[in-house]
> 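I'd like to ask you about the structure that follows.
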Amino acid sequence: MNLEIRLFADLPKKVRASITAVPGEAFILELPEGTTLGQVFAHLGLEGEQTLIGLVNGLRQLGDYELKDGDRIGIFPPVGGG
Amino acid sequence: MSKIIRVNMSNLTVTEEAVPQKYAAFGGRAMTSAIVADEVEPTSHPLGKYNKLVFAPGLLTGTTAANSGRLSVGAKSPLTGGIKESNAGGTSSQKLARLGIKALIIEGQAAEGKYYTVKVTKDGVTIEEENQVVGKGNYEAVKALSARYGEKVGVILAGPAGEMKLASANISVKDPEGNLRSAGRGGLGAVMGSKGVKAIIIDDADAPGVTIANPDAFKEAARVFAKGLMDHPVTGQGLPTYGTNVLVNIINEAGGLPTKNFRTGRFDGANKISGETMYDTIVARGGKPTHGCHAGCIIRCSQHYYDKDGNYKTSGFEYETIWGFGANCCVEDLDDIAEIDWHCDDIGIDTIETAVAAGVAMDAEVVKFGDSKGLVNLVKEIGTGSALGRIIGNGSVFTGKAFGITRVPAVKGQGLPAYDPRNVKGVGLTYATSPMGGDHTAGYSVATNILKVGGYVNPLGKEGQIELSRNLQIATAAVDSTGLCLFIAFCVLDNAEAFQAVVDMINAEYGLSLTGDDVTELGKTILRIEKDFNKRAGFTNEDDRLPEFFDEDVCAPHNTKWDFTDEEVDEVLNF
Ligand code: SF4
């Protein structure tokens, strides 16, 4: 299945070297059916990042959340402001 | 801090008083709200001689505590008609504290058309007629006043908008580099202008400084607190690098970024105005990505944004401003938004209120959505004093009335900031119920709804939101009384040790033995004082409501409506 991924803040610099990403710009990952959000983090080389925020179609989900084809996934490090 | 100074602009006299016992444990917002509630007739005209403008440093201001130099400014608001505390950085608060001044009260009203500069030094207060900087933009005024009184002095200004008594006029405060920070919300600049006070100079040369009852305990608590701030990923890393504007992308992704005057929760151009893009632009142009609004800030969320030619354009370029003139007006040119921010600072007008008013004006096609040059001109118009400029400068509700637009996102007359209440429901409850009117800082439920700070409450659901907004409003009222920057909350909500360190610092400074519960009690006391003032000014529960379009129009991408009942909303501040 295809997943639409966006990485934010400094995460594009932290993913594994084989992946090139620009903050906020979507790219597609093709992964097997049944992949979880946590497995996407691992695939990206972000599994050490304990504090990540993952939004799937705009809703926060945890690592065991099972993804569907076409899901829009935004991944953030801890951020704040206001 | 041992004294209260009263400046009477009707007869140009100054009196000094000891702090009454009932205010001993107050600072910042507690102090401004208590004085306004005790001394201002709630039904008086906000721009008349019976209103009072109060400046107060926080309980910890003037000490070495990290991020403790914020200033509270209070009065009856010409925008909301209710009580107001507006909070700013800059150098003045620490100077007031070091001079031993717990509150500076401006009362009465100068003769029509006359402006004065009030100068505060260790020897007392003088009132001098001001002719040089009246009518001048804030950037020029701050330079001229610093040249006249010394580069190191603190400067507090009513800008051209304040002189025009526009309901969105802010109060500008000089920062360490001579740029401007603002007590933005609620039109307090108009109150200052109405008093005939153009500027306040704070010169703390040879000031006595702040006495600490228990220096060793203070030092230790301050160390623990600073370490907590540095270690937390948001206050130690996220905010310093990207500033508050890092929120554009996450709030957009979460579907809560109000777009096109609060029509949808996502903006296609979000990434063009995001914190990440801003950071890259600043670095490429040789600007400063990180900067503190006062000495002793270690989070340093501010920055210097440079223009295409590598010249300083603006600082303190914040998420709310960029959202407001960006997504809310469908503008995706960051340079144009920076230009607008500079003009707002120079005119002395609140960026949030002006951006919300601009969105409403765009609904009336005064300028088309997305027309960034048109938007720059619309904002510049405010400084000219034209009829159109005065309409926009009187805020979102006034603009809606002038152009017959009913889609006006405002509560108690104050425009709503950068989070759609349908998709970040916790902050919607704060907008509805805060005695300040539509305000996000008063109880920043966004932290827990979206940012994973202080636990998690689903932003689209109702469960847990009432308690969340209530608890955050109570905690915020207390933090606003310490002089600490509200952003320390990102750390102390997650880190009990850092929270305890704040209590310990207060205890060590004043020789007290407060507990966390006392701090909560202080927050409740402040909210009760503020609610009571508003009630006496004529507010009822019916004023604690969001505009009806939020109940009726669905907001993409989650297709939500505002669905709290009136009874539920009324529970928020029922304690
Ligand atoms: S974190 Fe930002 S707003 Fe807070 S004190 Fe520092 S620069 Fe000012």
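All chains are named by letter (A, B, ...) in the order of the sequence lines, taking the proteins before the strands, and each is independently numbered beginning at 1.
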> What part of A:Phe76 is in contact with chain B, defined as an atom under 4.5 angstrom from a non-hydrogen atom: side chain, backbone, both or neither?
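Side chain of A:Phe76 only, per the 4.5 Å heavy-atom cut-off to chain B.
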> For A:Gly80 and B:Leu451, work out which heavy atoms get closest and say how close.
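Result for this residue pair: CA-CD1, 3.9 Å.
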> Would you mind checking which part of A:Asp10 comes under 4.5 Å of any heavy atom in chain B, side chain (CB onward), backbone (N, CA, C, O), both or neither?
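For A:Asp10, heavy atoms of backbone and side chain both lie under 4.5 Å from chain B.
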> Heavy atoms only, distances under 4.5 angstrom: which of B:Arg266, B:His440, B:Gln237 has the most pairs with chain A? Name it, please.
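So the answer, after comparing B:Arg266, B:His440, B:Gln237, is B:Arg266.
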> Go through the atoms of A:Leu52 and report whether side chain, backbone, both or neither lie under 4.5 Å from a heavy atom of chain B.
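Only the backbone of A:Leu52 comes within 4.5 Å of chain B.
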> Mark yes when over 12 heavy atoms from residues, nucleotides or ligands other than B:Asp268 sit less than 6.0 Å from its CG; otherwise mark no.
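Counting other residues, nucleotides and ligands, CG of B:Asp268 stays at 12 neighbours or fewer.
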> Sub-3.5 Å donor-acceptor pair from the side chain of B:Tyr444 to the main-chain atoms of A:Gly81, do we have one?
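Yes; judged by distance alone, with no hydrogens or angles, the pair exists.
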> Quick check for you: among B:Ile250, B:Thr244, B:Asn249, which has the greatest number of heavy-atom pairs under 4.5 Å with chain A?
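Looking at each of B:Ile250, B:Thr244, B:Asn249 in turn, B:Ile250 comes out on top.
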> With a 4.5 angstrom heavy-atom cut-off, is it the side chain or the backbone of B:Tyr279 that approaches chain A, or both, or neither?
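For B:Tyr279, there is no contact with chain A at all, as no heavy atom is under 4.5 Å.
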> Tell me, side chain or backbone of A:Pro23 under 4.5 Å from chain B's heavy atoms, or both, or neither?
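When you check distances to chain B, atoms from both the backbone and side chain of A:Pro23 fall under 4.5 Å.
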> Measuring from A:Thr51:OG1 to B:Lys452:NZ, what's the distance to the nearest 0.5 Å?
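That separation rounds to 6.5 Å.
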> Against chain A, label B:Glu253 side chain, backbone, both or neither, depending on which of its atoms sit under 4.5 Å from a heavy atom there.
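Looking at B:Glu253, backbone and side chain both touch chain A.
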> Relative to chain A, which of B:Trp323, B:Tyr319, B:Phe487 shows the most heavy atom pairs under 4.5 Å?
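Looking at each of B:Trp323, B:Tyr319, B:Phe487 in turn, B:Phe487 comes out on top.
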> Go through B:His558, B:His232, B:Glu318 and name the one with the most non-hydrogen pairs under 4.5 angstrom from chain A.
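Heavy-atom pairs under 4.5 Å are most numerous for B:His558.
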> Rounded to the nearest 0.5 Å, what separates atom CG in A:Leu55 from atom CD1 in B:Ile450?
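Atom-to-atom, A:Leu55:CG and B:Ile450:CD1 are 7.0 Å apart.
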> Is atom NZ of B:Lys462 surrounded by more than 12 heavy atoms (other residues, nucleotides or ligands) closer than 6.0 Å?
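Yes, the 6.0 Å shell around NZ holds more than 12 heavy atoms from other groups.
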